[in-house]
Amino acid sequence: MAELLYLKEAEQVVTVAGASDKPKVGEDLSEIGVIERGSVIVEGEKIAFAGTDADARHYLQKRSGKVKTIEATGKILTPGLVDPHTHLVFAGSREQELTMRLKGKSYMSILQAGGGILSTTKSTRAATADQLAHESRLRLDRFLKHGVTTVEAKSGYGLATDAELKQLRVAQQLNNEHPVDVVSTFMGAHAIPPEWKQDPDGFVQLVAEEMIPQVAAENLAEFCDVFCEEGVFTVAQSQYILEEGKKHGLKPKIHADELVSFGGAELAAKVGAVSADHLLKASPTGIEQMAEAGVIAVLLPGTAFFLMTEPANARAMIEAGVPVALSTDRNPGSSPTESLPFIMNLACLTMKMTPEEVLAASTINAAHAIGRAKDIGSIEAGKNADLVLFDAPNYQTLQYNYAVNRVDTVMKAGKIVVEGGVLLEKTDNQRCSLATEDRGTRPIWQK
Ligand code: IZC
Ligand code: ZN
């Protein structure tokens, strides 16, 4: 019989329980099910029990076999954090764009001049699958050290069939190899590549007629996403791609209303998207329609912070009854961070979400945004034992002591993978531990 793991007497266990069927909305977003002096018992890969420590001791009396105890005194226990929007798999670096933006250039003007997404596309096309896997593994390690146990990962730096498939195969490989679970999204419609600049509709057709069927046939993605934005893909092009994706079993997601109000939120409601992401400029009508259609708003306050713009109106969305989730948007141009806890800080400090709301938005609602709420996102018997022990006396401290990583222990599927803030197993054995992004635009082998 499997040994039981007894996470004993945390100051608080934040369960976020009771919302596995539907994401949390409105006032319910603040109901995070805190158990004071709580304990959790893990059996194999699953949570067997969550409750007060007194009840945990009763539970253990009825069980035979070995029990390993992990003292949680002085710490709080939460579900493993879930990041529902990343551009994980890429090569290259764009740190020079920060200086360009500081000097007044906009994100979109850099893209239109052939930089931005197109710069990352160039380096990603040139990289081998092994290089991409190596670089992305390092990012997954950093996610894990920040308490993130599941991430979504988009393609969209290939922008040609083979290169898109290469990115998605790497994401699938990482899902199999790395402790962090990786849920894949196909995003061939991320930008118009240079070779299609004169014929954007031709590229849209390529995405719909060639890429989507191959991605679906190889089972390489669960979702289909589009960068629906002025100067990138129109509402009509986005709708066409998302509808074609649906025909092949890919559930729609949308990069919506990030830079200008463009009808992205409305389109999300119309196509029945699982989520609409960004929404900095979403219209009041769009927000209303999302609430009616049950589209999850994945908010990315780190992107607004890094692009030095106003964040999304989270309060209006919560009041309208839109389910809200949070994410890093990890990518090399507009949000180069793996710290979901810092994004949670920004959600509080720049969007006025409360500590309770950010916890629900980064766990159960984020799990809903990637179709995983039956298995992860809350601490309940039967769910996967993806858990984080934070070195904090209460959950409010995670937002109060901002920009500090208080992750002590991370458990993934019942196995301890981070202890004392340190990753227990090296996931990558390559000699050079730097990704091209960490090396900067002049790779060290060229110096
Ligand atoms: O590489 O700039 N917004 N896509 C849409 C991104 C940001 C990623 C990037
Ligand atoms: Zn994105």
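Both ligands and their constituent atoms are indexed starting at 1 by order of listing. Residue numbers run from 1 in the order of the sequence given.
Taking OG from S184 and CG from L168, the interatomic distance works out to 5.5 Å, rounded to the nearest 0.5 Å. Here the CD1-CZ distance, from I343 to F305, works out to 8.5 Å after rounding to the nearest 0.5 Å.
Judged by the shortest distance from any of its heavy atoms, F90 lies outside the 4.0 Å radius around the atoms of ligand 1. Heavy atoms of E229 come nearer than 4.0 angstrom to ligand 1 in no pair at all. In this structure, T120 has no heavy atom closer than 4.0 Å to ligand 1.
The N331 neighbourhood of ligand 1 comprises atoms 1 (O), 2 (O), 8 (C), 9 (C), with distances under 4.0 Å to a heavy atom of that residue. Close approach to Y107 involves these atoms of ligand 1, each under 4.0 Å from a residue heavy atom: 2 (O), 3 (N), 4 (N), 5 (C), 6 (C), 7 (C), 8 (C), 9 (C). Interface of H190 with ligand 1, defined as ligand atoms under 4.0 Å from a residue heavy atom, comprises 4 (N), 5 (C), 6 (C), 8 (C). Atom numbering of ligand 1 starts at 1 in the shown order; those under 4.0 Å from a heavy atom of S334 are 7 (C). Near Y157, with a cut-off below 4.0 Å to any heavy atom, the atoms of ligand 1 are 1 (O), 8 (C), 9 (C). Taking a cut-off of under 4.0 Å to the non-hydrogen atoms of I117, the atoms of ligand 1 that pass are 1 (O), 2 (O), 4 (N), 9 (C).
No N or O atom of H87 sits closer than 3.5 Å to an N or O atom of ligand 1. The shortest N/O to N/O separation between R94 and ligand 1 falls below 3.5 Å. Ligand 1 has no N or O atom lying under 3.5 Å from any N or O atom of H278, backbone or side chain.
The shortest distance between side-chain heavy atoms of R406 and P341 does not fall below 4.5 Å. Counting heavy atoms from C-beta on, the side chains of V407 and K145 never come closer than 4.5 Å.
Note on D329: its N/O/S atom closest to the Zn ion (ligand 2) is OD1. Looking only at its N/O/S atoms, H87 has NE2 as the one nearest to the Zn ion (ligand 2).
When each of D329, D225, T328, N331 is tested with H85 by the rule side chain to side chain donor-acceptor pair (under 3.5 Å), just one qualifies, namely D329. Looking at H87, E437, R94 one by one, the single match for side chain to side chain donor-acceptor pair (under 3.5 Å) with T120 turns out to be R94.
The shortest heavy-atom contact between T15 and G33 is OG1-O, 2.8 Å.
Q173 and E177 share a donor-acceptor pair across their side chains, judged by distance under 3.5 Å alone. A side-chain donor from one of S20 and K383 sits under 3.5 Å from a side-chain acceptor of the other. A donor atom on one side chain and an acceptor atom on the other are found under 3.5 Å apart for T436 and E135.
Residue contacts to the Zn ion (ligand 2): H85 brings an N, O or S atom closer than 2.8 Å.
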